[in-house]
There are 2 protein chains.
Amino acid sequence: MGSKQRREREKESLRREILDAARDLFVKEGYENVSMRRIAEKIDYSPTTIYLYFEDKGDLLFQVSEETFSKLASKSESLLAEMIDPVVTLKKIERAYVDFGLKYPNHYKVTFINRPELRDMSKYYEKSMGQKAFNLLQQCVAECVRRKKFRRVDVEAASQALWASVHGITALLITHPKFPWTDKNKLIDLVIDTMIDGFKP
Amino acid sequence: MGSKQRREREKESLRREILDAARDLFVKEGYENVSMRRIAEKIDYSPTTIYLYFEDKGDLLFQVSEETFSKLASKSESLLAEMIDPVVTLKKIERAYVDFGLKYPNHYKVTFINRPELRDMSKYYEKSMGQKAFNLLQQCVAECVRRKKFRRVDVEAASQALWASVHGITALLITHPKFPWTDKNKLIDLVIDTMIDGFKP
DNA sequence: CTTATTAGCTTAACGCTGTTAATTTGACCT
DNA sequence: AGGTCAAATTAACAGCGTTAAGCTAATAAG
């Protein structure tokens with residue numbers, strides 16, 4: 001007895017090995033430039049073995065992405081937990097989002113920017129970590145409205161607008177590094193502050 | 001006599017044929033899903049013929065994108081020409097930007113989202129049509145400040161912030177089409193209006 | 001203890017891809 | 001008419017994601 005459990009653990013550990021190798025390569029070289037064969041080579045298995053653990057290459061990226069989203073989600077969660085002024089917290093959450101992207105640009109690219117068409121996304125958006133992260137931001141916006149720090153805007157629309165703006169500056173800074181940007185930090189804050197101010201009473 | 005010119009014209013016409021076929025397929029099915037062989041098939045030439053007219057597939061898409069973006073630039077140009085209230089014009093320019101991105105998602109992707117690693121960057125930024133479009137936006141922002149419709153913000157920073165926000169909503173709508181967005185049109189306007197209002201006196 | 005079954009992994013292969021090299025075609029000039 | 005040269009083609013390379021079939025070693029059954 002227990003051999004079944006050991007087998008189970010071994011299976012799970014290989015799954016992790018594949019996931020780690022894939023993330024490493026995706027982050028370092030980009031999804032498009034990484035082949036299943038190279039991932040397999042990295043962990044000394046045959047390419048087809050991956051298909052015993054993941055549906056296809058897209059699924060592999062999806063699983064990697066989920067892990068990344070969850071990091072961001074838990075960061076936002078802790079910021080929300082120690083909230084005093086919801087507007088300040090909202091700014092922190094947005095700033096954390098941008099900083100996260102700039103700190104791990106390749107990871108951000110893989111997860112947020114160069115997103116190839118992934119499975120049935122309706123299912124994905126219902127319970128994914130990305131949705132969770134967004135929900136936390138929306139929760140914070142709702143709190144801003146509830147405490148009358150924001151005027152009575154549509155919370156969902158406002159949250160999506162805020163997400164769009166932070167994604168915009170993050171994505172542009174990453175993908176256009178040679179563009180003659182003005183001071184990047186000021187620019188990020190300008191985007192965040194301008195949007196947030198726009199929702200105040 | 002003149003046969004050289006005719007040859008020249010024929011060469012140019014085939015180049016056009018390739019460009020048109022490529023744009024058609026790229027727009028309809030997406031860059032990744034179109035092969036050189038399919039483009040060639042569409043115009044009844046062998047695949048390798050394309051390489052006599054374009055460096056590679058990326059070059060082909062770049063040329064197609066430039067043509068498309070020049071449309072956006074001239075649209076912005078005409079909006080700027082018939083400007084009365086610069087703030088209204090600015091809104092129109094931003095809206096045209098987003099609408100353009102949504103109309104030609106694949107072109108927008110390659111030029112602003114999935115940036116290919118470009119060797120001669122400086123040259124690109126100087127004279128690409130995408131850059132020209134941005135310059136026109138900045139010109140409009142400058143006019144807003146000059147006529148005191150905007151408070152005395154840093155024109156460059158404000159322009160970049162505005163660009164970031166419209167890029168954000170455009171990119172997200174393109175790359176996350178299955179996300180449960182609130183009304184897209186309202187959302188786009190919300191982003192634009194919120195940012196612009198934020199720069200008013 | 002031997003035999004049958006099954007899980008885990010690999011090898012081989014298919015039909016694609018972008019791209020290069022070598023080769024053929026065909027129109028022009030002398 | 002024969003040579004020249006550019007244009008287009010065929011053949012090929014190396015790689016891709018993925019599937020089907022085969023092998024191997026551990027487990028279950030008799």
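Throughout, a chain's letter reflects where its sequence line sits, starting with A, and its residues are numbered from 1.
A:Leu61 places its CG atom 17 Å from the P atom of D:dC16, with the value rounded to the nearest Å. Distance, B:Tyr45 OH to D:dA8 C1': 8 Å, rounded to whole Å. Rounded to an integer number of Å, the gap from CG of A:Leu52 to C1' of C:dG8 is 7 Å. Counting to the nearest Å, the C1' atom of C:dG18 and the OH atom of B:Tyr31 are 9 Å from each other. Between the CD1 atom of B:Ile18 and the P atom of C:dG18 there is a distance of 14 Å, rounded to whole Å. If you take CG of B:Asn33 and P of D:dG17, they are 15 Å apart, rounded to a whole angstrom. Rounded to whole angstrom, the span from the CZ atom of A:Arg38 across to the C1' atom of D:dG15 amounts to 12 Å. The CD atom of B:Glu55 sits 9 Å away from the P atom of C:dT20 (whole-angstrom rounding).
Judged purely by atom type and a 3.5 angstrom limit, A:Lys57 uses its side chain to pair as donor or acceptor with the backbone of A:Val34.
Between A:Pro47 and B:Ser35, the one whose closest nucleotide on DNA chain C sits nearer the 5' end is A:Pro47.
Here A:Thr49 lies in heavy-atom contact (under 4.0 Å) with a base. Within the nucleic acid shown, A:Phe54 has no heavy atom closer than 4.0 Å to any nucleic acid atom. Among the protein residues, A:Tyr51 comes within range of the nucleic acid bases, having at least one heavy atom under 4.0 Å from a base atom. As judged by a 4.0 angstrom heavy-atom cut-off over every strand, B:Leu60 is placed among residues making no nucleic acid contact.
The side chain to side chain donor-acceptor pair (under 3.5 Å) check on A:Lys186 picks up nothing, with sequence neighbours excluded.
Put simply, the side chain of A:Thr48 and the base of C:dT11 share a donor and an acceptor less than 3.5 Å apart.
Counting heavy atoms from C-beta on, the side chains of B:His167 and B:Tyr108 come closer than 4.5 Å.
B:Tyr53 has a side-chain polar atom (N or O) that falls below the 4.0 Å cut-off from OP1 or OP2 of D:dA8.
Here the nucleotide nearest the side chain of A:Arg37, chosen from D:dA8, D:dT19, C:dA13, is C:dA13.
Atom CD of residue B:Gln63 and atom CZ of residue B:Arg23 lie 12.0 Å apart, to the nearest 0.5 angstrom.
Here salt bridge (Lys or Arg N to Asp or Glu O under 4.0 Å) pairs that include residues 25-40 of chain B, with residues two or more places apart or in two chains, are B:Asp24-B:Lys28, B:Glu29-B:Arg38.
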